[in-house]
Chemist: 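So that we are looking at the same thing, I have put the structure below in structure tokens.
Atoms within each ligand, like the ligands themselves, are counted from 1 in listed order.
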Amino acid sequence: MKNRLLVTLITLLTIQPMTAQALEVFACEPEWAALVNALAGDTAQITVATTAFQDAHRLQARPSLIAKARSAQLLICTGAELEVGWLPLLLRRAGNPAIQPGTDGYFLTAELVRRLEIPTRIDRAEGDVHPQGNPHVHLNPHNITRIAGKLSERLQLLDPANGASYQQRTEQFLDRWNTAIDDWETRAVNLAGLRLVAYHRSFSYLADWLDLQIVATLESKPGIPPSGAHLAKLLEQLSANPPAAIIRAPYDNEKPSAWLEARLNVDGVLLPYTVGSEEQASDLFGLFDVTLDRLESLQP
Ligand SMILES: [Zn+2]
């Protein structure tokens, strides 16, 4: 009886301060919320600005989000101009000095990795060109490894009282993550060279990692919806040597894909792109598991 009381007391003492002082985190995209969750668990209280069904290029800085940003202690976003259309406004409206650019509470993931598709020439007539390169960095799991290490350091800096817990969780996560990467890479050997058409350049890092070939995009220019003329041109270009499939994210318009799939007689494949669009992709491990399952299903 005494022991049970003691256990209850210890439980109360250890749990209460953590819930009372949960680190408030504002994440722009679900993949970064998932990463914070993996490294911080209950120690962080996370708000996510977008869901897996929303295009993070385009978002309204709505009042409920601004309110969340006002009290956040850490903001984690992709950067590389992915959120350029709404994040600066949201930060200004929130007026929270703790998460402004340049502070410890401001953490951009894309800046930590080698970026693909950095344009040699900046011309806005070429569409939503990202001068800092392709921001969709999370679909190479090695980028996640690197970002996890840096994020863990930042969490420990902002919340030293829970430093040991972040450290331990990070080690556990990375152990599991590195094992998973080995498994994925073993599985994906047969996918090398797989020819795909994508809607937007959302999967460039996945392609770079697995040696897939994205031979065309349905958008003629990034951020410009596929036009009939461009689709007709793609049909002509790809007819002689059709891709294995047309891949798209949950928020991409299905119609242009369906049009081209029917005419080329190829599969359309919905990839989860990020965490949360389907039950099996409810965390970062599931995201890659499902993505590989879908791509493997295209193999003869
Ligand atoms: Zn983009």
Chemist: Give every residue pair that meets the ring-ring contact (aromatic ring centres under 6.0 Å, His included) criterion with at least one member in residues 70-121, sequence neighbours excluded.
Modeler: none

Chemist: Quick one: how many protein N/O/S atoms are under 2.8 Å away from the Zn ion (ligand 1)?
Modeler: 3

Chemist: Which atom pairs, one a donor and one an acceptor, fall under 3.5 Å between side chains of residues 247-263 and the rest of the protein, sequence neighbours left out?
Modeler:
residue : atom : partner : partner atom : Å
Asp252  : OD2  : Ala249  : N            : 2.8
Asn253  : OD1  : Lys255  : N            : 3.0
Arg263  : NH1  : Trp259  : O            : 2.9

Chemist: Testing the 3.5 Å rule here: is there a donor-acceptor pair between the side chains of Asn162 and Thr43?
Modeler: no

Chemist: Excluding sequence neighbours, so at least two apart, what forms salt bridge (charged side-chain N to carboxylate O under 4.0 Å, His left out) with Arg114?
Modeler: Asp208

Chemist: Could you grab the distance from atom CG of Asp159 to atom CG of Leu74, nearest 0.5 Å is fine?
Modeler: 10.5 Å

Chemist: How long is the gap from CD1 on Ile66 to CG on Leu89, to the nearest 0.5 Å?
Modeler: 6.5 Å

